[in-house]
S.K.: 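Below is the structure I would like to discuss, written out as structure tokens.
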Amino acid sequence: MKKAHQKIIFEVTVNLVFFFIFFIFFRHVSFQPGDDEIFIGFRQQFSIGEFLLHYYRIWSGRIFNNFLIYILARPPILIWQIFMAIILTVFGRTLFFYFSTHLDNRFRRKIILLIICYLGIFLFSSAVLIPSTFWFTGSLSYFVPVVFAMLAFVPFFNLLQSTEIKVDKFWPIFIIPIVCAGLSAEQVSIGLVLIISGALLLAKIRRIKISNQLIFLYILLIAFSIVSITAPGNWLRLDKETQVWFSEYGNFNILAKITLAFGFSLTTIVNQWYYLMGLIWAASGIFLLLQSKKWSSRLISFLLLFYASVAGLRFVTSLNIFAQRGIFRFANPLFSFSFLLGPNLVETTALCAYFFWSLGILFLPIAWLISMKQNQIGLVLCFLYFVALFLIFVTGFSPTLFASGGRTGLVPNVILLVILIGLLWKIKPFLILVAPTIFLILFKMLTLIYRWTSNGYFVDYGLITMQNIFQH
């Protein structure tokens, strides 16, 4: 009884501490000109039913996102700040739940896992983190649905932890996050459908019986996702935004669109995901080096560590102290991508950048399959990795790819964070990469606070640019 009481006190204390940390960050955020003010104006013009129906018909099928925006789009912003601090706390607790089954009795490992799960979002670059989390409209359109998707996956995760049918008597509760995730941003609903499909396939491979309740939740998710994606407003919005942001896109053939999406994906991964990708390359290289003594495995390990160091260079070039002085200007061609089918001939260095980073991205699943071939973990990591890549690649087919900004990287970044935590827990000795990971988290937190207190809060939308592309 005493232990249970201590556990409850510890749980409450941990969540309160992280809640106040997040709340401190959100206190710097304010309503911004543009979307925030537009939605505040809509709230004064329409009732909630009229607003949701109006938006579904002419602009967006993201009913859950629009519902939240309507409810919270009003002064004071303090209500939204408290709400988002709670949401980030739930995010951390849910992520911790997924990995807590691998914990031993060592208190230090538990504390480290708590820190990385709750504060791991600070491993997202500002271009991804700010417009998707620390911005009123962006947070309700992206981060909140992601948290609901994570909650919706809980019963499917529990399925993989057992060998027989166990029907939770509280399973109807999960209808709520399932419906909310289905009626959210397309990346969230599609990503969740893919990951749950993978979980059910894995359950079949392991010969785990799947309950009718889980099948019902799965079908429900697909149904509401279809309702959201096929909204008439999505197509009207697509036509309008194509004219505004990229009118030439309609003239592209399928090859040009695929090439553009590929270049957009590489640009995003290299220039906005360097925190996570650098750590994943390093963790994968170290783990493979410790697992296999074959010369081919060692070669891949050293290549992965090399890519980690180049990602570190990209991190250094993002710092103002170095960017303004142009100290690492020589590395610019390595991080710049041109549209290969644009109006001008592409230089050899541009082709080299494509080849170089494509290899680095492909080395990761190869390393996981080699180092974890004795179990299914390698396959699970590969599956999650390809889902993340698919979600950003599909975004590259949108005419608004240069206007949406880094927020479209949130869902893939959350998946990459899950992969990173899984890899960190595989490496022994434990602190080889955990210490640098926590250092990067703290560094990001301090730089954000310094930036907002010194220069005031503003939204860095993380807009992507590519060379050799038509004006848009």
S.K.: Using the ring of each side chain (for Trp, its six-membered ring), is F46 parallel, tilted or perpendicular to F51, with breaks at 30° and 60°?
M.R.: tilted

S.K.: Under 30°, 30 to 60°, or over 60°: which ring-plane class applies to H54 and F42, parallel, tilted or perpendicular?
M.R.: perpendicular

S.K.: Measure the acute angle between the ring planes of Y274 and F315, then classify it against the limits of 30° and 60° as parallel, tilted or perpendicular.
M.R.: tilted

S.K.: Classify the angle between the aromatic ring planes of W452 and H28 as parallel (below 30°), tilted (30 to 60°) or perpendicular (above 60°).
M.R.: tilted

S.K.: Could you pull out the closest heavy-atom pair between S141 and I69, with the gap in Å?
M.R.: OG-CD1, 3.8 Å

S.K.: Give the ring-plane orientation class for F157 versus Y98, where under 30° counts as parallel, over 60° as perpendicular and anything between as tilted.
M.R.: perpendicular

S.K.: Kindly give the heavy-atom pair with the smallest separation between A231 and G61, and that separation in Å.
M.R.: CB-CA, 3.5 Å

S.K.: Tell me every residue that passes salt bridge (charged side-chain N to carboxylate O under 4.0 Å, His left out) with R407, counting only those two or more places apart in sequence or in another chain.
M.R.: none

S.K.: Could you go through S30 and Q32, starting from their C-alpha distance and side-chain angles, then the distance that decides it, and tell me whether this counts as side-chain hydrogen bond (donor to acceptor under 3.5 Å, both in side chains)?
M.R.: CA-CA 6 Å; S30 57; Q32 296 295 292; 3.1 Å; yes

S.K.: On the 0 to 90° scale, with breaks at 30° and 60°, tag the Y385-W368 ring pair as parallel, tilted or perpendicular.
M.R.: perpendicular

S.K.: Which class fits the ring pair W357 and W281: parallel under 30°, tilted 30 to 60°, perpendicular over 60°?
M.R.: tilted

S.K.: Is the ring pair F143/F91 parallel, tilted or perpendicular, if the boundaries are 30 and 60 degrees?
M.R.: tilted

S.K.: Indicate the atoms forming the closest heavy-atom contact of V193 with Y218, along with that distance.
M.R.: O-CE1, 4.2 Å

S.K.: Using a 6.0 Å cut-off, check whether atom CZ of F20 has over 12 heavy atoms from anything other than its own residue.
M.R.: no

S.K.: Please list, chain by chain and in numerical order, all residues satisfying salt bridge (charged side-chain N to carboxylate O under 4.0 Å, His left out) with E37, sequence neighbours excluded.
M.R.: none

S.K.: Please list all pairs passing the side-chain hydrogen bond (donor to acceptor under 3.5 Å, both in side chains) test where one or both residues lie in residues 431-447, with sequence neighbours left out.
M.R.: S126-K444

